[in-house]
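Note that the numbering runs from 1 along the sequence shown for the chain.
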Amino acid sequence: RSCRTWIAEGVWSSGRQRIYHFGGFALAYTPVGRDGTLGYMVDNANIKPLQLRHPIRVSPDGNRAVTGSGHVFDANSLDHLGTLSSEMVDGAWLGAELVTLRRDGLYWQPSELADAERVAEISGFGRGVFTTPSGRIVTVVEQGASTVLAVYDRTFQVLTPPLFADGFD
């Protein structure tokens, strides 16, 4: 696969003005100039090969990156810092806190390397988790032929009944 493919599958970090992507067997980034030009790909050649899977999620301050396979990186040096307790389907940041959607539920971690606490169970196949500027957490879960959206507050209480994307209960 070409570098262009890796960048196309990458994640933008506005805090660092970089596109994070996989560069072979490790996390890499490509800086983007103010005029939109791509710089040279940066990776950590000293890291051992890792099994990496999407998604890539970068903290709002641009200091940490987490992959779907659970690997945690320093987003500047690209040093491997450790792993989550299990793989994630998706992840989102609430400030410095990490919220991950895993096969068996929604998890909260005060930091990316802290112990995870399951805060909500999911019924179905998790597709995504997002956070809003007001601090709400939104999960996207497939339940049979329906896609269900649930909105939580910062204490992980459901704010609204689940919303079905197809309009049927």
Side-chain angles (χ1 to χ4, degrees), residues 7-22 27-32 34 52-144 146-169:
I7 290 173
E9 295 174 352
V11 172
W12 173 249
S13 169
S14 59
R16 294 281 182 192
Q17 300 294 298
R18 298 173 179 164
I19 300 171
Y20 286 86
H21 51 90
F22 297 137
L27 187 66
Y29 66 79
T30 300
V32 179
R34 290 186 184 269
L52 299 174
R53 281 185 285 291
H54 285 282
I56 300 167
R57 298 294 179 247
V58 181
S59 63
D61 63 8
N63 289 329
R64 298 285 185 265
V66 179
T67 67
S69 46
H71 293 286
V72 180
F73 294 88
D74 179 298
N76 201 36
S77 68
L78 300 176
D79 288 337
H80 186 253
L81 301 176
T83 56
L84 302 175
S85 58
S86 70
E87 296 178 356
M88 65 178 194
V89 173
D90 198 6
W93 299 87
L94 273 172
E97 301 169 5
L98 181 63
V99 177
T100 57
L101 185 61
R102 302 180 187 187
R103 295 185 197 281
D104 63 338
L106 185 64
Y107 285 77
W108 169 81
Q109 296 175 235
S111 71
E112 65 280 350
L113 291 174
D115 289 336
E117 174 186 349
R118 186 166 67 176
V119 292
E121 292 185 25
I122 60 169
S123 175
F125 183 73
R127 287 293 186 188
V129 62
F130 308 92
T131 56
T132 68
S134 64
R136 293 184 175 166
I137 301 108
V138 180
T139 58
V140 181
V141 178
E142 277 185 24
Q143 290 181 348
S146 296
T147 301
V148 179
L149 306 176
V151 181
Y152 300 85
D153 65 15
R154 287 188 68 94
T155 64
F156 299 99
Q157 299 301 308
V158 175
L159 292 176
T160 60
L163 305 172
F164 291 84
D166 62 8
F168 299 100
D169 289 345

Point to revise | Other residues, nucleotides, ligands: >12 heavy atoms within 6.0 Å of R53 CZ | key: yes

For the residue pair [X] and [Y], what are the closest heavy atoms and their distance?
X	Y	answer
A65	L27	CB-CD2, 3.7 Å
G62	S13	CA-OG, 4.2 Å
R102	E87	CG-O, 3.5 Å
H71	L52	CD2-CD2, 3.6 Å
D115	Q109	O-CG, 4.0 Å
G135	R154	O-CG, 3.2 Å

Salt bridge flag under 4.0 Å for residues D74 and R64: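 Salt bridge present between D74 and R64.
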
For the pair [X] (side chain) and [Y] (backbone), establish whether a donor and an acceptor sit closer than 3.5 Å, ignoring hydrogens and angles.
X	Y	result
R57	L98	no
Y20	A75	yes
D90	V129	yes
T131	W93	yes

With R16 as partner, the option from V58, N63, D61 fulfilling side-chain contact (heavy atoms from CB on, under 4.5 Å) is N63

Within the 4.5 Å heavy-atom criterion, are [X] and [Y] side-chain neighbours or not?
X	Y	value
L106	Y152	yes
Q143	F125	no
M88	V66	yes

Requested in this report: Using the side-chain contact (heavy atoms from CB on, under 4.5 Å) rule, take Y107 and L84 through it: C-alpha gap first, then chi angles, then the decisive distance, then the call.
Outcome: CA-CA 11 Å; Y107 285 77; L84 302 175; over 6 Å; no

To the closest 0.5 Å, what do you measure between [atom1] ([X]) and [atom2] ([Y])?
X	Y	atom1	atom2	result
L101	I122	CG	CD1	4.5 Å
I56	Y29	CD1	OH	14.0 Å
I137	T132	CD1	OG1	8.0 Å
R127	L149	CZ	CG	13.5 Å
L94	W108	CG	CH2	10.5 Å

* Asked: With under 30° as parallel and over 60° as perpendicular, where do the rings of H54 and F22 fit, or are they tilted in between?
  -> tilted

Go through the structure and list residues passing salt bridge (Lys or Arg N to Asp or Glu O under 4.0 Å) with D104, not counting sequence neighbours.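 In terms of salt bridge (Lys or Arg N to Asp or Glu O under 4.0 Å), with neighbours along the sequence ignored, D104 is linked to R118.
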
